[in-house]
There are 2 protein chains.
Amino acid sequence: MMQQSSERTWQEHLRAKGHRITPQRKLILAAVAQLPHPTPESILQHLRQTEPTLNLSTVYRNLTVLQESGLITHAHIGTGSAVYHLADEHAHLHLNCLNCGRLVSAAASIAADFAREVSAQTGFLIDPTHAAVYGTCADCARELTTPAAR
Amino acid sequence: MMQQSSERTWQEHLRAKGHRITPQRKLILAAVAQLPHPTPESILQHLRQTEPTLNLSTVYRNLTVLQESGLITHAHIGTGSAVYHLADEHAHLHLNCLNCGRLVSAAASIAADFAREVSAQTGFLIDPTHAAVYGTCADCARELTTPAAR
DNA sequence: CTGTGTGCAAACGGTTTGCAAGACT
DNA sequence: AGTCTTGCAAACCGTTTGCACACAG
């Protein structure tokens, strides 16, 4: 009736969903925590240095499992792969520059009013962190308005 | 020195970029105008009824050409294909429900303050219509909060 | 010991590309 | 006539799946 431990270990999260603890899962979770904007591919790359037989499908399967267990979340960034975050630290927006491809982060709180407004007008509850917002980054905007641009 | 015709025809748009006028381009542009949320695949489907030899790569190539010519734009809607719009009528947000997959449209103006805020804080000029925003639609939100949900 | 998880290879959906034949101008 | 565009097939990228073996419980 009372939630006694808000400090569950990652093992407990997995076990709670009936998943087993494997070295691969430990490694993949650690990689998500360490790497900057980890994609399945970059996670594999990173882990193959120490675990040469690790397979890409194992990475995919376990990212799904870790997500179902509430340990991580993902965000869609452009056309390529999704990027993953620890569930706690994903509270930021991704701004994806259509011109140079740069990925800029911004506080999720910027979107709070927007989310409220959308909810008020449509009933839709948005999660602005789930997918990147596209546009033009500050540098490219400057460059594109410069007469010398072309 | 003065722009004398703001009413350029689609042919003029293409010619201005050095592109030729072909029956395929005419058909594809018409399909983008008619179909509800046209994807490359649905455009092909539609046009093959009257033009059985039309090829998917032709659709892709011409969607790119029409876009470069300023006639159409595209938006990323979820994991699948992009959807296309005539350049004039794309001023709406796409809200993509993560639960049921439904696609809800909303006025682009809802995001105006959000865009201003992002610009003020990061210099990034966002185009909120370029990609779907994810979340939970009104129906699913209701359903998920219902005790009987699980 | 049982069944979940792993590695590998092959399939998959969406998109792009090389090439020769065809069509716009 | 010359070049851009088309159709076709094959390559491509990210992701998923079927299978037999391995390992956590």
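Below, chains carry the letters A, B, ... as their sequence lines are ordered, and counting in each starts from 1. The basis for the numbers below is simple: all heavy atoms, side chains too, and nothing from hydrogens, waters or symmetry mates.
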Note to self: Categorize A:Gln24 for me: base, sugar-phosphate, or nothing, with a 4.0 angstrom heavy-atom threshold over every strand shown.
What the structure shows: sugar-phosphate
Q) Can you find a heavy atom in the side chain of B:Leu71 that is under 4.5 Å from one in the side chain of B:Leu14? A) yes
Between CZ of B:Arg25 and P of D:dC4 the distance, given in whole Å, is 11 Å
- Task: Determine yes or no for a side-chain-to-main-chain donor-acceptor pair under 3.5 angstrom, with B:Thr122 supplying the side chain and B:Val118 the backbone.
- Result: yes
Between CG of A:Leu63 and C1' of D:dT16 the distance, given in whole Å, is 14 Å
Taken to the nearest whole Å, CD/B:Glu41 to C1'/C:dG13 is 9 Å
**Request:** Group every Ile, Leu, Val, Met, Phe, Trp and Tyr by side-chain heavy-atom contacts under 4.5 Å, then state whether B:Leu35 and B:Leu66 land in the same group.
**Result:** yes
Here the distance between atom P of C:dG13 and atom NE2 of B:His76, to the nearest Å, is 21 Å
Side chain A:His37, main chain A:Val83, donor-acceptor under 3.5 Å
no
To the nearest angstrom, the CG-P distance between B:Asn55 and C:dT17 comes to 15 Å
For A:Leu54, answer base if it contacts any base atom (sugar-phosphate contacts may also be present), sugar-phosphate if it contacts only those atoms, and nothing otherwise; contact means non-hydrogen atoms under 4.0 Å. sugar-phosphate
Between A:Ser81 and B:Glu51, whichever has its closest DNA chain D nucleotide further toward 5' is B:Glu51
TODO: Check whether any side-chain N or O of A:His19 sits under 4.0 Å from OP1 or OP2 of C:dT4, and answer yes or no.
DONE: no
When every non-hydrogen atom of A:Val32 is compared with those of A:His85, the smallest separation belongs to CG1-C, 3.7 Å
Please classify the nucleic acid contact of A:Ile21 as base, sugar-phosphate, or nothing, using heavy-atom distances under 4.0 Å. sugar-phosphate
| request: Using only side-chain N and O atoms of B:Thr58, determine if any of them is under 4.0 Å from OP1 or OP2 of D:dT6. | output: no
Dump every N/O contact between nucleotides 18-23 of chain D and the protein below 3.5 Å, one line per pair.
from: D:dG18; atom 1: O6; to: A:Arg61; atom 2: NH1; distance (Å): 3.3

Counting only side-chain N and O atoms of B:Arg15, is one of them less than 4.0 Å from OP1 or OP2 of C:dT25? yes
From OH of A:Tyr60 across to C1' of C:dA11 the rounded distance in Å is 15 Å
Look at B:Asn62 and D:dT6 and indicate whether a side-chain polar atom (N or O) is within less than 4.0 Å of OP1 or OP2. yes
A:Ile28 atom CD1 is separated from C:dT6 atom C1', nearest whole Å, by 10 Å
**OP:** Applying side chain to side chain contact (heavy atoms under 4.5 Å, CB included), run through B:Asp139 and B:Cys100 and close with a yes or a no.
**Re:** CA-CA 9 Å; B:Asp139 290 353; B:Cys100 66; over 6 Å; no
When B:Pro40 and A:Pro52 are each assigned the nearest nucleotide of DNA chain C, the 5'-most assignment goes to A:Pro52
Tell me whether the rings of B:His76 and B:His130 are parallel (<30°), tilted (30 to 60°) or perpendicular (>60°).
perpendicular
Ranking B:Leu56 and B:Thr22 by the position along DNA chain C of their nearest nucleotide, the one closer to 5' is B:Leu56
Distance col, row B:Arg25:CZ vs B:Asn62:CG, nearest 0.5 angstrom, shows 4.5 Å
From CD of B:Gln11 across to P of C:dC24 the rounded distance in Å is 13 Å
